[in-house]
K.L.:
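There's a structure below that I have some questions on.
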Amino acid sequence: MYITTPIYYVTDAPHIGHAYTTVIGDALARFYRLAGQETWYLTGTDEHGLKVARAAAEAGLSPQELVDDISQRYVRVWESLRISNDDFIRTTEERHRIGAKAFLQALYDNGDVYLAPYEGLYCVSCEDYYKEEDLLEGGLCPIHHRPVEHFSEDNYFFRLSKYSERLLAHIEANPEFVYPSTRRNEVIGFINQGLDDLSISRAQLEWGIPIPWDESQVTYVWVEALMNYATAVGYGYDQAQFDRRWPPTHLVGKDILRFHAVIWPAMLMAAGLELPRRVAAHGWLLVGGEKMSKTSLNQIAPDDLLGTFGVDGLRYHLLRDLSFASDGSFSWEGMVERYNADLANDFGNLVNRILNMVEQYRDGTVPARTGAEPVDVGLKNAAGEAVEALAGFADLGFNDALLGVWRLFGAANAYVEETAPWKIAKDPEQGQRLDEVLNGLLEALRVGAILISPVMPEAAAKLWDQLALPGAPDEPPYTETAVFGTFPELTVNRGAPLFPRIEAE
RNA sequence: GGCGGCGUAGCUCAGCCUGGUUAGAGCGCUCGGCUCAUAAUCGAGAGGUCGGUGGUUCAAGUCCACCCGCCGCUACCA
């Protein structure tokens, strides 16, 4: 399973919106690995184009210096969020340059590229094109209130129009190709209104990848950026790797769906490559709540949240409180509520109370069940259902799947109440029953650690350590390791609470 | 304007495609229990004219029409 995020444009510092996409991809990638599937997770940075060149000039840096700096920031943020990407592609890398040129050449050789004048209304101040209807009265630039110029240069065009029918046919034949269905409708509507050919080169720009057959032009940044998904896995220089990884599953924000669901597939058709398995577009992260409404999404850096919620708290919130397909609101209050209710109370406290009882009543060591005693089926069933719920990750149903996993913790808490170990512990004749109860609870924690590992790798690992289990919670396949059985006789070591409660100010 | 979507408990949402027991979940709230635990946990409960009107049907949150409110897409700003 080859999973990609968009490559992020380096004029933007990493913010919570980038983190949302990347955390989703990470949870998905970790899920597939946990399921035992070979998985390759790619993210990276998009580093060419006019805006970068301009930003570098403003900062008094060379473009390369600028992109080196910003791309490193992304690398560091993903490390701090425990993103498990297998590769990080930068479009200024040689492998991308080689691959992109090969890709362009393939389009050219297929007869899908031609030279034609690119005309438009151009504002010199903006250094940008406008459409007639976007201008103010009298043909003035809406930003600078200056007359725009009619501008024309020869560019290479990709015959996008040629692929309308085939794109529609593919989308019709593959209902899962564009997800969710409302976005699929938008894409179909867009194609139906007719596709124009796409300008894929720029003559007045140096910071980019030259057109292979005409080095006086560089590739239009969007077109070049899309190719990263192919060049990162060997296109044009390592066919064996490419064959092994392709095709990808693309995770994108709804704002860039069209590039991934129309332009990119058409390019792939022209290059003779298999289309992506799926292009999944998630909704926006809207900023609500008092503390954050004063600032914009762009200014919320993931670091601002890690101090209070921790990596796992942030990751859990992004996956549990938001629904992939629709927009969701992101608020400090919402995060605190969710953290306290699910992580501190339901889960963290469960871990703490169980380990505490094991230490108090059994000095940290509970004998393994012999198998002769009846296992309490309710707890075992709850674990089985939680394992089934996790499969929802494959359909991007993270919030529902997590709700399902949390039912196991609810069942374990209820089981504690029902069995009341603190009472049994006072009765020497019920020693065996106490062992059985505690063993079942430890086993529930062991299963839980496995199931949360795609979302909360840190907490999963800590819990695993506290349980003194060998190996790691994320060893595949979970469909076998997470089967509820007997917890081995180990001496647990209760650590600090996994999720200390956050007190409201 | 065209195309598409949404409006269900205080909050966030599921259910609607394939009409049919007392409309569900999580959080919040109220009451009760418990005391191993991070004032955590367990149980019970309150709370909804399912945006409005009309229609189809033995039966509509669920299908149809219209209306009101909100939102998305309608190409080259990563």
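Heavy-atom basis, side chains included; hydrogens, waters and symmetry copies ignored. The chains referred to below are lettered A, B, ... by the order of the sequence lines, with proteins before strands, and numbering in each begins at 1. None of these values were measured; they are calculated from a predicted model.
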K.L.:
In whole Å, I'd like the distance from the CG atom of A/Leu463 to the C1' atom of B/U38.
P.N.:
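For the pair A/Leu463 CG and B/U38 C1', the rounded distance is 15 Å.
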K.L.:
Picking from A/Thr92, A/Val10, A/Thr91, what satisfies side chain to side chain contact (heavy atoms under 4.5 Å, CB included) with A/Val52?
P.N.:
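Exactly one option meets the side chain to side chain contact (heavy atoms under 4.5 Å, CB included) with A/Val52, and it is A/Val10.
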K.L.:
Is A/Pro421 touching bases, backbone alone, or none of the nucleic acid, heavy atoms closer than 4.0 Å?
P.N.:
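It contacts nothing in the nucleic acid.
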K.L.:
Who is the Watson-Crick or G-U wobble partner of B/G72, with both distances under 3.5 Å?
P.N.:
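When the pairing criteria are applied, B/C3 turns out to be the nucleotide that pairs with B/G72.
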K.L.:
C1' atom, B/C29 versus B/G47: distance in rounded Å?
P.N.:
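These two C1' atoms come out 9 Å apart once rounded.
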K.L.:
Which of these, A/Thr11, A/Asp12, A/Val67, A/Val221, sits in a side chain to side chain contact (heavy atoms under 4.5 Å, CB included) with A/Asp46?
P.N.:
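Considering A/Thr11, A/Asp12, A/Val67, A/Val221, a side chain to side chain contact (heavy atoms under 4.5 Å, CB included) with A/Asp46 is found only for A/Val221.
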K.L.:
How many whole angstroms separate atom NZ of A/Lys254 from atom P of B/U74?
P.N.:
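Those two atoms, NZ and P, are 11 Å apart.
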K.L.:
Quick one: does A/Asn352 reach the base of B/A37 with a side-chain donor-acceptor pair under 3.5 Å?
P.N.:
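Check fails, no donor-acceptor contact within cut-off.
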K.L.:
Can you check whether A/Asn356 has a side-chain N or O nearer than 4.0 Å to OP1 or OP2 of B/A37?
P.N.:
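So the side chain of A/Asn356 is within the cut-off, an N or O lying under 4.0 Å from OP1 or OP2 of B/A37.
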K.L.:
Tell me: CD1 of A/Ile502 to C1' of B/A40, nearest whole Å?
P.N.:
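These atoms are roughly 15 Å apart.
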K.L.:
Separation of A/Arg54 atom CZ from B/C77 atom P, in whole Å?
P.N.:
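Atom CZ in A/Arg54 sits about 11 Å away from atom P in B/C77.
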K.L.:
Could you identify the nucleotide paired to B/U22, looking across every strand shown and requiring Watson-Crick or G-U wobble geometry with both distances under 3.5 Å?
P.N.:
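Base-paired to nothing in any strand shown.
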K.L.:
What is the separation between atom CG on A/Leu343 and atom P on B/U41, rounded to the nearest whole Å?
P.N.:
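So the two atoms are 12 Å apart, to the nearest Å.
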K.L.:
Work out how far the C1' atom of B/G69 is from that of B/G52, and round it to whole angstrom.
P.N.:
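My reading of the C1' atoms in B/G69 and B/G52 gives 11 Å.
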K.L.:
Classify A/Gly189 by what it touches in the nucleic acid, base, sugar-phosphate, or nothing, heavy-atom distance under 4.0 Å.
P.N.:
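The answer is nothing, as A/Gly189 stays clear of every strand by at least 4.0 Å.
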K.L.:
Find the distance A/Leu257:CG to B/G5:P and express it as a whole number of Å.
P.N.:
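Rounded to the whole Å, the gap is 16 Å.
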K.L.:
For A/Val10 and for A/Arg258, find the nucleotide of RNA chain B with the closest heavy atom, then tell me which residue's nucleotide is more 5'.
P.N.:
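Residue closer to the 5' terminus by nearest nucleotide: A/Arg258.
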K.L.:
Between B/G10 and B/U18, how far apart are the P atoms? Round to whole Å, please.
P.N.:
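It works out to 31 Å between them.
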K.L.:
How far does the C1' atom of B/G20 sit from the matching atom of B/U62, given to the nearest Å?
P.N.:
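Nearest-Å result for B/G20 against B/U62 at atom C1': 11 Å.
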K.L.:
Determine the Euclidean distance between corresponding P atoms of B/U38 and B/U30; express it in Å to zero decimal places.
P.N.:
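Those two atoms are separated by 23 Å.
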K.L.:
Which nucleotide, in any strand shown, forms a Watson-Crick or G-U wobble pair with B/C77, with both distances under 3.5 Å?
P.N.:
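By the stated definition (distances under 3.5 Å), nothing pairs with B/C77.
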K.L.:
Does A/Arg501 make a side-chain N or O approach to OP1 or OP2 of B/A40 shorter than 4.0 Å?
P.N.:
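For B/A40, OP1/OP2 do have a side-chain N/O of A/Arg501 under 4.0 Å.
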K.L.:
What I want to check is whether an N or O donor and acceptor connect the side chain of A/Glu417 with the base of B/G43 at under 3.5 Å.
P.N.:
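No, the side chain and the base share no sub-3.5 Å donor-acceptor pair.
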K.L.:
I'd like to know whether the aromatic ring centres of A/Tyr179 and A/His282 sit less than 6.0 Å apart in this structure.
P.N.:
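No.
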K.L.:
What interatomic distance, in whole Å, is found between P of B/A46 and the corresponding atom of B/G55?
P.N.:
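Between the two P atoms, the distance is 34 Å.
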K.L.:
Both conditions, 6.0 Å and 45 degrees, for the charged tip of A/Arg184 above the ring of A/Phe177: are they met here?
P.N.:
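That pair does not qualify as a cation-pi contact.
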K.L.:
For atom C1', what is the distance between B/G51 and B/C68, given to the nearest Å?
P.N.:
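Straight-line distance between the two C1' atoms is 8 Å.
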K.L.:
Determine which nucleotide pairs with B/C63, using a 3.5 Å limit on both distances of a Watson-Crick or G-U wobble pair.
P.N.:
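Check on B/C63: paired to B/G55, both distances under 3.5 Å.
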K.L.:
Quick one: is B/U41 close enough that its OP1 or OP2 comes under 4.0 Å of any side-chain N or O from A/Asn345?
P.N.:
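For B/U41, OP1/OP2 do have a side-chain N/O of A/Asn345 under 4.0 Å.
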K.L.:
Need to verify one output field. Residue with the more 5' nearest nucleotide on RNA chain B, A/Ala414 or A/Met357?
P.N.:
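Its nearest nucleotide being more 5', the pick is A/Met357.
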K.L.:
Have a look at A/Leu160 and say if it touches a base, only the backbone sugar-phosphate, or nothing, with a 4.0 Å heavy-atom cut-off.
P.N.:
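Base, at least one base heavy atom under 4.0 Å.
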K.L.:
Quick test of your reading of the model: are A/Arg433 and A/Asp427 salt-bridged, counting only N-O distances below 4.0 Å?
P.N.:
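No, this pair does not count.
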K.L.:
When you compare B/C64 with B/A60, how far apart are their P atoms, in angstrom units rounded to a whole number?
P.N.:
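About 15 Å, rounded to a whole number of Å.
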K.L.:
Is there a Watson-Crick or G-U wobble partner for B/C31 with both distances under 3.5 Å, and which nucleotide is it?
P.N.:
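Its partner is B/G43 (Watson-Crick or G-U wobble, both distances under 3.5 Å).
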K.L.:
Can you check whether A/Gln193 has a side-chain N or O nearer than 4.0 Å to OP1 or OP2 of B/C73?
P.N.:
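For B/C73, OP1/OP2 do not have a side-chain N/O of A/Gln193 under 4.0 Å.
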K.L.:
Would you say CG of A/Asp363 has more than 12 non-hydrogen atoms from neighbouring residues, nucleotides or ligands within 6.0 angstrom?
P.N.:
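It does not: A/Asp363 CG has 12 such atoms or fewer within range.
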K.L.:
Does CD belonging to A/Gln360 count more than 12 external heavy atoms closer than 6.0 Å?
P.N.:
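More than 12 within 6.0 Å, yes.
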K.L.:
Measure CZ/A/Arg338 against C1'/B/G28 and give the value in whole Å, please.
P.N.:
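Nearest whole value for this atom pair: 12 Å.
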